[in-house]
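Note that this is a predicted model, so its numbers are computed, not measured. This chain uses plain numbering: 1 for the first residue, then up along the sequence.
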Amino acid sequence: MALKLVIVAAVLLAGAVAVTSCPPTDREALLTFRSALREPYLGIFNSWTGSDCCHGWYGVSCDPLTGRVADIKLRGESEDPIFEKAGRTGYMTGTISPAICNLRRLSSVIIADWKGISGEIPSCITSLPFLRILDVIGNKLSGPIPAGIGRLQRLTVLNVADNLISGTIPASLTRMSSLMHLDLRNNRISGELPRDFGKLGMLSRALLSGNQISGTIPSSISNIYRLSDLDLSLNRLSGQIPASLGKMAVLSTLNLDGNLISGQIPGAILGSSVSILNLSRNSLDGKIPDVFGPRSYFTSLDLSYNKLKGPIPISMVEASYIGHLDLSHNHLCGKIPAGSPFDHLEPPSFVFNDCLCGKPLKTCQ
């Protein structure tokens, strides 16, 4: 009996050891991934030696229960001592090898801010069923977002900002039911926003500025009740602003500047929870809705470079707070209201209109 207990204990101990060391298949995948990259200054891959990739390999961590590689976290801008010692940020060239897809238990892939990594995002990355974070910001990645990205049902963060990504937004993206943070800024993405964008019910931040996105703003966006930050600036969007955006309960930042948007400003947006609103550099016309009141609170309100006409709404003085206000480069006319916020604003907030007068501009005749 005692011998049997010793044998059982030995088997259990062997099992415990097995899940704390790196499987050979995962180690091979990591080494193939490493071989496609070149990092000449910091030596971050110098630690990738030995048989156990779960311990001591820079940027690699494993699931303690399965022993499989769970996270690759390689940031080119970090407060890690290796960067402080070198006195510089990271620089890496090469490509992201499809071998990364052999790490079947990956939960997070962060290969960010290396400035020189090129090539495409491997399409096979959409086959990683446990992936929750994909962050490749700040490289030179090109090609499209993988068409099957919607297969990543657990993904909460998709960040491909500051690259050279092209093509359209995949139709499957709206099937990512867990997605909370979407960052596609500063790429070469074209085409229209999916009409069913509003299906991303968990989304809290949608940052798509600095692309070539065209078409109109889908009204379905207003169905995303968790959305707090929507940035569609510096694109080629046209049509009108959906009034339903003003009914979003937690939307606090709305940037639509630098597009081809026309029509009038929906009053509902000026009376909503939005506190940072930038509609500048579009083709908005009509009057500024006279809907301000004690619940109006704007850290920044920028309506400059449009075709707005008529007077500045007198109700603006009833707003609880307006920090930065820019109404310049429009066709506004009439006396600038007295009182807050106008008493702390400078002439640049009002210049290049048709016939505005009063403090801080010239006295009205």
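The aromatic rings of F33 and F45 sit perpendicular, their planes meeting at an angle over 60°, well past the 30° parallel limit. By the 30° and 60° cut-offs, the orientation of the rings of H329 relative to F352 is parallel.
Looking only at side-chain heavy atoms (C-beta outward), E346 and P360 stay at 4.5 Å or farther from each other. Using a 4.5 Å heavy-atom cutoff, the side chains of L74 and Y58 are in contact. At a threshold of 4.5 Å between non-hydrogen side-chain atoms, the residues I224 and F197 count as touching. Here the side chains of R195 and S220 are not in contact, with every heavy-atom distance at 4.5 Å or above. The closest side-chain heavy-atom distance from N259 to I217 is not below 4.5 Å. Residues F298 and L325 have side chains not in contact (no heavy-atom distance under 4.5 Å, counting atoms from C-beta outward). Put simply, the side chain of M248 does not reach to within 4.5 Å of the side chain of S228, judged on heavy atoms. Using a 4.5 Å heavy-atom cutoff, the side chains of N306 and I265 are not in contact.
The SG atoms of C22 and C53 are placed within less than 2.5 angstrom of each other. For the cysteines C364 and C357, the sulfur (SG) atoms lie within a distance shorter than 2.5 angstrom of each other.
Atom CG of residue L245 and atom CD1 of residue I269 lie 5.0 Å apart, to the nearest 0.5 angstrom. One distance of note links OG1 of T66 with CG of D26; it measures 8.5 Å at 0.5 Å rounding. For the atom pair I133 CD1 and I72 CD1, the distance stands at 13.0 Å (nearest 0.5 Å). Expressed to the nearest 0.5 Å, how far CD of Q212 lies from OG of S190 amounts to 6.0 Å. Rounding to the nearest 0.5 Å gives a distance of 10.5 Å between OG of S177 and CZ of R154. Within the model, atoms CD1 of I322 and OG of S275 stand 12.0 Å from one another, a figure rounded to the nearest 0.5 Å.
Of all heavy-atom pairs spanning S97 and A36, the tightest one is CB-CB, 4.0 Å. Nearest heavy atoms, N187 versus I165: OD1-N, 2.9 Å. Of all heavy-atom pairs spanning C54 and G67, the tightest one is SG-O, 3.5 Å. Nearest heavy atom pair, residue A268 against residue A243, reads CB-O, 3.9 Å. Closest of all the heavy-atom pairs between P218 and P194 is CG-O, 3.5 Å. For S244 against S222, the heavy-atom pair with the smallest separation is OG-OG, 3.2 Å.
R75 has no carboxylate O lying under 4.0 Å from a charged side-chain N of D80, or vice versa, which leaves the two without a salt bridge. Checked for salt-bridge contact, D285 and K307 miss the test: no charged N lies under 4.0 Å from a carboxylate O.
Judged by distance alone, the side chains of D290 and S315 do bring a donor and an acceptor atom under 3.5 Å apart. Side-chain contact check for S127 and R104: at least one donor-acceptor pair (N or O, by modelled atom type) lies under 3.5 Å. Side-chain contact annotation: S233 with N255, donor-acceptor N/O pair under 3.5 Å absent.
Shown here is Q153, whose CD atom has more than 12 heavy atoms of other residues, nucleotides or ligands within 6.0 Å. Heavy-atom neighbours of K115 NZ from other residues, nucleotides or ligands within 6.0 Å: above the threshold of 12. Taking a 6.0 Å sphere around CD of E84, one finds it holds more than 12 heavy atoms contributed by other residues, nucleotides or ligands.
Of the listed residues (I169, I189, D183), just one forms a side chain to side chain contact (heavy atoms under 4.5 Å, CB included) with L208, and that residue is I169. Residue L193 is tested with I213, T216, T174, N235 for a side chain to side chain contact (heavy atoms under 4.5 Å, CB included); the sole match is I213.
Checking side-chain atoms of N282 against main-chain N and O of S280 turns up a donor-acceptor pair under 3.5 Å. D135 places no side-chain N or O within donor-acceptor distance of the main-chain N or O of A112, the cut-off being under 3.5 Å. With N353 contributing its side chain and L327 its backbone, the two residues share a donor-acceptor pair below 3.5 Å. A donor-acceptor pair is defined here as one N or O able to donate and one able to accept, closer than 3.5 Å; no such pair exists between the side chain of D63 and the backbone of R105. Between the N139 side chain and the N163 main chain, no donor and acceptor come within less than 3.5 Å of each other. Here the side chain of R88 pairs no donor or acceptor atom with the backbone of L42 at under 3.5 angstrom. Judged by distance alone, with hydrogens and angles left aside, the side-chain atoms of S283 form no donor-acceptor pair with the main-chain N or O of S262 at under 3.5 Å. Without hydrogens or angle criteria, N330 side chain to L303 main chain gives a donor-acceptor distance under 3.5 Å. Distance alone, capped at 3.5 Å, places no donor-acceptor pair between the R236 side chain and the N211 backbone. In this structure, W114 contributes its side chain and G138 its backbone to no donor-acceptor pair below 3.5 Å.
Cluster annotation: F130 and V136 are assigned to distinct hydrophobic clusters (Ile/Leu/Val/Met/Phe/Trp/Tyr, side-chain heavy-atom contacts under 4.5 Å, transitive). Hydrophobic clustering, with ILVMFWY side chains joined whenever heavy atoms are under 4.5 angstrom apart, keeps I137 apart from V160. Cluster membership for I221 and L234, using ILVMFWY side-chain heavy atoms within less than 4.5 angstrom, is not shared. Follow the hydrophobic side-chain contacts under 4.5 Å out from I336 and you reach V317 in the same cluster. The cluster map of Ile, Leu, Val, Met, Phe, Trp and Tyr, joined by side-chain heavy atoms under 4.5 Å apart, puts L37 and I82 in the same cluster.
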Give the intermediate values and the outcome of side-chain contact (heavy atoms from CB on, under 4.5 Å) for residues I44 and M92. CA-CA 10 Å; I44 66 164; M92 194 185 300; 3.7 Å; yes
Going through the checks in order, is the side-chain contact (heavy atoms from CB on, under 4.5 Å) test met by M176 and L173? CA-CA 6 Å; M176 301 172 72; L173 185 139; 3.9 Å; yes
Chi angles and distances behind the side-chain contact (heavy atoms from CB on, under 4.5 Å) call for I241, I261: CA-CA 7 Å; I241 302 171; I261 299 170; 3.7 Å; yes
Verdict with supporting geometry, D257 and D302, side-chain contact (heavy atoms from CB on, under 4.5 Å): CA-CA 9 Å; D257 50 297; D302 192 342; over 6 Å; no
Given the rule in the salt bridge (Lys or Arg N to Asp or Glu O under 4.0 Å) test, do D354 and K309 qualify, once you have shown the distances and angles that lead to the verdict? CA-CA 8 Å; D354 286 0; K309 59 185 179 181; over 6 Å; no
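Applying the side chain to side chain contact (heavy atoms under 4.5 Å, CB included) criterion to S272, with sequence neighbours excluded, gives V274. Residues that satisfy the side chain to side chain contact (heavy atoms under 4.5 Å, CB included) test with C333, not counting sequence neighbours, are C355.
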